[in-house]
Number of protein chains: 2
Amino acid sequence: MSARILVVEDEAAIREMLCFVLNQQGFDVVQAQDYQSAVACLTEPYPDLILLDWMFPGGNGIGLAKEIKRNDYSKEIPIIMLTARGEEEDKVRGLEVGADDYITKPFSPKELIARIKAVLRRANPTCLADEIEIQGLKLDPVSHRVSLGGEQLNMGPTEFKLLHFFMTHTERVFSREQLLDQVWGTNVYVEDRTVDVHIRRLRKAITGLGHEKFVQTVRGSGYRFSIRV
Amino acid sequence: MSARILVVEDEAAIREMLCFVLNQQGFDVVQAQDYQSAVACLTEPYPDLILLDWMFPGGNGIGLAKEIKRNDYSKEIPIIMLTARGEEEDKVRGLEVGADDYITKPFSPKELIARIKAVLRRANPTCLADEIEIQGLKLDPVSHRVSLGGEQLNMGPTEFKLLHFFMTHTERVFSREQLLDQVWGTNVYVEDRTVDVHIRRLRKAITGLGHEKFVQTVRGSGYRFSIRV
DNA sequence: AGTAATTATGACAATAATATGACAATAATA
DNA sequence: TATTATTGTCATATTATTGTCATAATTACT
């Protein structure tokens, strides 16, 4: 049950960028480019969050925000406003009207995602809980648990992160360097070969009915998580 | 073997956005936020493409573009300029200096990727991470897999590279020397005849329903990958 | 057919890459 | 503070891959 996000933004390039980023993060995205189509999206299934451009044709953002907050069915939906840089007063007015947060254009994807998650966590934590399952191997980021055919699996935090990354990025080779960046985080000085060791630990941890085969070595390139053995 | 892209952009938010999108597409991304660090990135391993902001501190974009095109080692690297909207003259000047294309901010990820791929396809198709299929023979650089009619094929890294090169450069003879340059890399001292051996290994690996026939010997010249048997 | 040049092939040792087990250092937890 | 779990690194074992050779097979030419 991943979160459904309504993006209201008239400029196509920015809208596409927003949708791209949100999609990559696993959100369900609905787009609207004007007042009318935005209002049309306020029905079942309701979005869990609205990303709202301050200025857009067919009614300004604040107008739409007011409309949303007036309506009983939609007033609980959190709103994040998109404002142009430096327009401080807009932010203030936006928050007054009931926006839960705001983001300044241009925005970094990291910031965007962080703010969205923060708002969702406050408003509706369940829609962030996205359990991943691949052939009986279940990973639940919320409870921070991994199970295989109902059986709980034990592994260290690093193995968990590694598995989480793999399960959300299957069928793709990653070099040790990339894995270090993605799983350990940038600016971390760790030996390349250390990845090997954690790969082994992960394999050992998920060894069940051949599930360790999912973690595959690609000689000369790195590792891959693949269902196709 | 996926393309390495150097992003030169001072504004952190935009830079992060570019990197995010490019990373998702499987490119190797290197960042630079000023003239100095950009120049520092112009060494081994050279980027396959440079995304260059027109205006950035410590020297403008055109200055850096000129510098890149002046240097023998870097002048073959294609450049895509990032310009602010509406600055038509910038685009013209950029193209005059040797930029291969330009993108207007704000940009849609689709457009960005399309233009990058177009430029790379012209300059160096091997580093495009697109899946290639030729008569049931599939090579996917992203997952680093080769299959023939759905069946996985096994081969060593060198054979993989060789096949990748061939599949992106079909219907053309290459001398052993050329293959060594392109597949093994320059400055590698390897016997000419070694190519023969790898050709054999490649043929053996892709032997299916006569697919080994694609790898053809051109007596006295070298080898060719051709669909026409 | 005979010959020289060229390519194909199998075998092999050298090399490079990965797997693994052990260990001390560190961080987390009781 | 004591105890336990986790981490990163090393040394070593295990594989896979590489490049080269010797020899067989093929081709082109006389």
Side-chain angles (χ1 to χ4, degrees), chain A residues 144-146 152-166 173-207 210 212-226, chain B residues 1 144-146 152-166 173-207 210-226:
Chain A
H144 214 269
R145 291 201 140 150
V146 184
Q152 291 295 327
L153 298 183
N154 268 332
M155 61 183 74
T158 307
E159 282 70 56
F160 182 87
K161 276 188 257 168
L162 187 57
L163 180 60
H164 189 199
F165 177 74
F166 270 143
V173 204
F174 294 96
S175 67
R176 287 163 231 276
E177 223 178 315
Q178 286 175 313
L179 289 173
L180 285 175
D181 271 7
Q182 299 280 340
V183 177
W184 276 253
T186 36
N187 320 340
V188 179
Y189 170 65
V190 173
E191 225 25 73
D192 258 22
R193 293 276 131 217
T194 300
V195 174
D196 300 29
V197 179
H198 283 279
I199 287 282
R200 188 189 88 237
R201 287 170 182 159
L202 174 58
R203 280 180 176 146
K204 201 185 255 178
I206 67 172
T207 294
E212 72 281 3
K213 292 275 164 59
F214 289 173
V215 180
Q216 299 166 0
T217 305
V218 181
R219 200 159 245 266
S221 299
Y223 297 95
R224 169 180 59 203
F225 191 91
S226 169
Chain B
M1 231 190 333
H144 210 272
R145 290 194 125 144
V146 183
Q152 295 292 331
L153 299 184
N154 267 331
M155 61 184 75
T158 307
E159 283 69 56
F160 185 88
K161 279 187 251 167
L162 187 57
L163 180 61
H164 191 194
F165 177 75
F166 271 143
V173 201
F174 295 96
S175 68
R176 293 176 173 74
E177 223 177 315
Q178 285 175 311
L179 289 173
L180 284 175
D181 269 8
Q182 298 282 337
V183 177
W184 276 254
T186 37
N187 321 339
V188 179
Y189 170 66
V190 173
E191 228 20 76
D192 260 22
R193 293 277 130 212
T194 301
V195 174
D196 300 28
V197 180
H198 283 279
I199 287 282
R200 188 191 87 236
R201 285 171 183 159
L202 175 58
R203 280 181 176 145
K204 198 186 255 178
I206 66 173
T207 294
H211 286 75
E212 72 281 4
K213 293 274 163 60
F214 289 172
V215 180
Q216 298 165 2
T217 306
V218 181
R219 207 182 164 80
S221 302
Y223 297 95
R224 170 181 56 204
F225 191 90
S226 169

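None of the values given here were measured: they were computed from a predicted structure. Chain A is the first sequence line, chain B the second, and so forth, proteins listed ahead of strands; every chain is numbered from 1. Only heavy atoms go into these numbers, but all of them, side chains included; no hydrogens, no water, no symmetry mates.
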All N/O pairs under 3.5 Å across the protein-nucleotides 6-10 of chain D interface:
| from | atom 1 | to | atom 2 | distance (Å) |
| --- | --- | --- | --- | --- |
| D:dT7 | OP1 | A:P157 | N | 3.3 |
| D:dT7 | OP1 | A:T158 | N | 2.7 |
| D:dT7 | OP1 | A:T158 | OG1 | 2.6 |
| D:dT7 | OP2 | A:E159 | OE1 | 3.4 |
| D:dT7 | O5' | A:T158 | OG1 | 3.1 |
| D:dG8 | OP1 | A:W184 | NE1 | 3.2 |
| D:dG8 | OP2 | A:W184 | NE1 | 3.3 |
| D:dG8 | OP2 | A:H198 | NE2 | 2.7 |
| D:dG8 | N7 | A:R201 | NH1 | 3.4 |
| D:dG8 | O6 | A:R201 | NH2 | 2.6 |
| D:dT9 | OP2 | A:E191 | N | 2.7 |
| D:dT9 | OP2 | A:T194 | OG1 | 2.6 |

Take the protein atom [atom1] of [X] and the nucleotide atom [atom2] of [N], then report the distance between them rounded to whole Å.
{"X": "B:H144", "N": "D:dA16", "atom1": "NE2", "atom2": "P", "value": "17 Å"}
{"X": "A:N154", "N": "D:dT4", "atom1": "CG", "atom2": "P", "value": "16 Å"}
{"X": "A:I199", "N": "C:dG21", "atom1": "CD1", "atom2": "P", "value": "16 Å"}
{"X": "A:F160", "N": "D:dA5", "atom1": "CZ", "atom2": "P", "value": "19 Å"}
{"X": "A:R200", "N": "D:dA13", "atom1": "CZ", "atom2": "P", "value": "15 Å"}
{"X": "A:D196", "N": "D:dT15", "atom1": "CG", "atom2": "C1'", "value": "13 Å"}
{"X": "B:L202", "N": "C:dT9", "atom1": "CG", "atom2": "C1'", "value": "15 Å"}

Subject >> Residues forming a salt bridge (charged side-chain N to carboxylate O under 4.0 Å, His left out) with B:R145, sequence neighbours excluded >> reply: A:E171

Subject >> Results of salt bridge (charged side-chain N to carboxylate O under 4.0 Å, His left out) for B:R176 - residues two or more places apart only >> reply: B:D196

**OP:** Compute the bend angle of the helix from C:dA1-D:dT30 to C:dA30-D:dT1 from the end axes (five pairs per end), rounded to 10°.
**Re:** 40°

Original post:
Would you say the side chain of A:V215 lies within less than 4.5 Å of the side chain of A:L163, judging by non-hydrogen atoms?
Top reply: no

Original post:
Are side-chain heavy atoms of A:R201 and A:H198 found at a separation under 4.5 Å?
Top reply: yes

For [X], which residues count as a side-chain hydrogen bond (donor to acceptor under 3.5 Å, both in side chains) partner, sequence neighbours excluded?
{"X": "B:H211", "result": "none"}
{"X": "A:S221", "result": "B:H144"}
{"X": "B:Q182", "result": "none"}
{"X": "A:T217", "result": "A:R203"}

**OP:** Take nucleotides 24-30 of chain C nucleotide by nucleotide from the 5' end and write B, S or -, depending on whether a protein heavy atom sits under 4.0 Å from the base, only from the sugar-phosphate, or from neither.
**Re:** -------

Original post:
For C:dA17, does either OP1 or OP2 sit under 4.0 Å from a side-chain N or O belonging to A:T217?
Top reply: no

Original post:
Is atom CD of B:Q152 surrounded by more than 12 heavy atoms (other residues, nucleotides or ligands) closer than 6.0 Å?
Top reply: yes

Original post:
Out of curiosity, B:F166 CZ to B:S226 OG, how far, rounded to the nearest 0.5 Å?
Top reply: 11.0 Å

Original post:
Rounded to the nearest 0.5 Å, how far apart are CD of A:Q216 and OH of A:Y223?
Top reply: 12.0 Å

Original post:
Of all residues at least two apart in sequence or in a different chain, which pass the side-chain contact (heavy atoms from CB on, under 4.5 Å) check with B:E191?
Top reply: B:Y189, B:T194

Subject >> By ring pair (Phe, Tyr, Trp, His ring centres under 6.0 Å) - contacts of B:F165 (at least two apart) >> reply: B:H169, B:F174

Could you list all N or O pairs between the protein and nucleotides 25-30 of chain D that sit under 3.5 Å apart?
| from | atom 1 | to | atom 2 | distance (Å) |
| --- | --- | --- | --- | --- |
| D:dT27 | O2 | B:R219 | NH2 | 3.2 |

